[in-house]
Visitor: 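Please read through the structure below; I'll follow up with questions.
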Amino acid sequence: MQTPSVTRAHQSWLARLPRRAWLGLLVVALGVLLAWLDLRDTRQAPPDPAARAEEPGHVIENAELKLYDDAGNLTQRLASPHITHTPQQAITRFDMPHATLIDSEQREWRATANSGTLSGQQQRLTLDGDTRLTAPNQGWQLDTRTLHYDSAARHAWSDTPVLLQQPPQRMRAQTLDAWLDTSKVRLKGQVRGFHPPSAASSEESP
């Protein structure tokens with residue numbers, strides 16, 4: 001018998017609410033409904049393909065990546081403290097990479113940089129930021145900002161200013177092409193060099 005009296009009291013309380021209070025409750029209820037619908041649409045929305053393409057699929061710490069050609073010969077070794085691979089873009093990124101580029105005679109060319117990017121489709125390596133390439137058993141080294149390398153052609157090139165040196169000799173230029181198999185180097189654009197005379201030639205001079 002107490003339940004009907006409670007119900008009547010509840011209805012009587014609602015009936016005594018002023019019109020402004022009713023409007024306020026209606027606005028609050030409408031806001032809650034819209035928020036719920038928006039959250040539901042967000043959960044059911046399909047993922048953005050462009051955003052997913054930027055997401056790395058694999059993250060590897062302190063690892064070395066080895067690359068081989070079609071004949072099974074080792075062409076590159078890339079060591080880095082932090083490696084990320086994005087499958088949809090077929091791109092692998094390296095922090096502070098240490099690269100070993102191997103030519104047709106199995107000589108090892110060493111390269112370092114602040115960052116590196118490897119295109120999985122073309123097997124093209126790009127080293128960026130304080131990049132240095134050191135030739136094997138020849139004593140000369142190349143310093144530049146950005147260096148590209150095609151492992152199939154064993155061709156390295158830079159479109160940023162370069163410094164090529166074999167102390168005490170050094171040369172500067174705007175661009176460079178280097179072929180690892182033949183150790184051939186071509187410099188272009190405002191080429192300047194410093195070649196001090198050797199001790200023998202100095203002694204022979206009057």
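Note that the numbering runs from 1 along the sequence shown for the chain.
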Visitor: Who pairs with Asp128 by salt bridge (charged side-chain N to carboxylate O under 4.0 Å, His left out), at least two apart in sequence or on another chain?
Guide: none

Visitor: What residues, two or more places apart in sequence or in another chain, satisfy side chain to side chain donor-acceptor pair (under 3.5 Å) together with Ser104?
Guide: Asp181

Visitor: Minimum heavy-atom separation for Ser151 and Gln76, please, with both atom names.
Guide: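 Shortest heavy-atom separation between Ser151 and Gln76 comes out as CB-NE2, 3.2 Å.
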
Visitor: My understanding is that only residues two or more places apart in sequence, or in another chain, count here; which of them pass salt bridge (charged side-chain N to carboxylate O under 4.0 Å, His left out) with Asp159?
Guide: none

Visitor: Checking the side chain of Thr126 only, and the main-chain atoms of His148 only, is there a donor and an acceptor separated by less than 3.5 Å?
Guide: no

Visitor: To the nearest 0.5 Å, what is the distance between CG (Asp177) and NZ (Lys184)?
Guide: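 Atom-to-atom, Asp177:CG and Lys184:NZ are 9.5 Å apart.
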
Visitor: My understanding is that only residues two or more places apart in sequence, or in another chain, count here; which of them pass salt bridge (charged side-chain N to carboxylate O under 4.0 Å, His left out) with Glu61?
Guide: none

Visitor: Could you list the cluster mates of Trp179? Members are the ILVMFWY residues connected by side-chain heavy atoms closer than 4.5 Å, either directly or through other members.
Guide: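 None, because no other hydrophobic side chain comes under 4.5 Å of this residue.
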
Visitor: What residues, two or more places apart in sequence or in another chain, satisfy side chain to side chain contact (heavy atoms under 4.5 Å, CB included) together with Pro161?
Guide: Gln174

Visitor: Say whether, by atom type as modelled, one donor and one acceptor occur between the side chain of Thr131 and the main chain of Arg145 under 3.5 angstrom.
Guide: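 Yes, Thr131 side chain to Arg145 backbone: donor-acceptor pair under 3.5 Å.
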
Visitor: Remaining members of Ile102's ILVMFWY cluster at a side-chain heavy-atom cut-off under 4.5 Å?
Guide: Tyr68, Leu74

Visitor: What distance separates Asp143 CG from Arg132 CZ, expressed to the nearest 0.5 Å?
Guide: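 Asp143 CG to Arg132 CZ: 4.0 Å, rounded to 0.5 Å.
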
Visitor: Could you work out, with side chain to side chain donor-acceptor pair (under 3.5 Å) as the rule, every residue matching Arg77, not counting sequence neighbours?
Guide: Glu108

Visitor: State whether a side-chain donor-acceptor pair under 3.5 Å links His98 with Thr112.
Guide: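 Checked: His98/Thr112 side chains show no N/O donor-acceptor pair below 3.5 Å.
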
Visitor: So which heavy atom on Pro136 is nearest to which on Arg107, and how close?
Guide: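 Looking at all heavy atoms of both residues, the shortest contact is CG-CB, 3.8 Å.
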
Visitor: For Gln169, check side chain to side chain donor-acceptor pair (under 3.5 Å) against everything at least two apart and list the hits.
Guide: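 Per chain and number, Gln169 pairs via side chain to side chain donor-acceptor pair (under 3.5 Å) with His195.
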
Visitor: Which pair of non-hydrogen atoms, one from Arg93 and one from Thr117, has the smallest distance, and what is that distance?
Guide: CG-OG1, 4.3 Å

Visitor: Does anything in residues 158-177 form a ring-ring contact (aromatic ring centres under 6.0 Å, His included)? List the pairs, not counting sequence neighbours.
Guide: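 The answer is none; no pair qualifies.
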
Visitor: Quick one: closest heavy-atom pair of Gly116 and Pro97, and the distance?
Guide: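 Looking at all heavy atoms of both residues, the closest pair is N-CG, 3.9 Å.
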
Visitor: Report the hydrophobic cluster partners of Leu65, with the cluster defined as I, L, V, M, F, W, Y residues connected by side-chain heavy atoms closer than 4.5 angstrom, directly or transitively.
Guide: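 Members other than Leu65 - counting any ILVMFWY side chain reachable under 4.5 Å - are Ile60, Leu67, Leu78, Ile83, Phe94, Leu101, Trp109, Leu118, Leu125, Leu127, Leu133, Trp140, Leu142, Leu147, Tyr149, Val162, Leu164, Met171, Leu176, Leu180, Val185, Leu187, Val191.
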
Visitor: Just to verify, what does Thr144 make a side chain to side chain donor-acceptor pair (under 3.5 Å) with, not counting sequence neighbours?
Guide: Ser158, Thr160

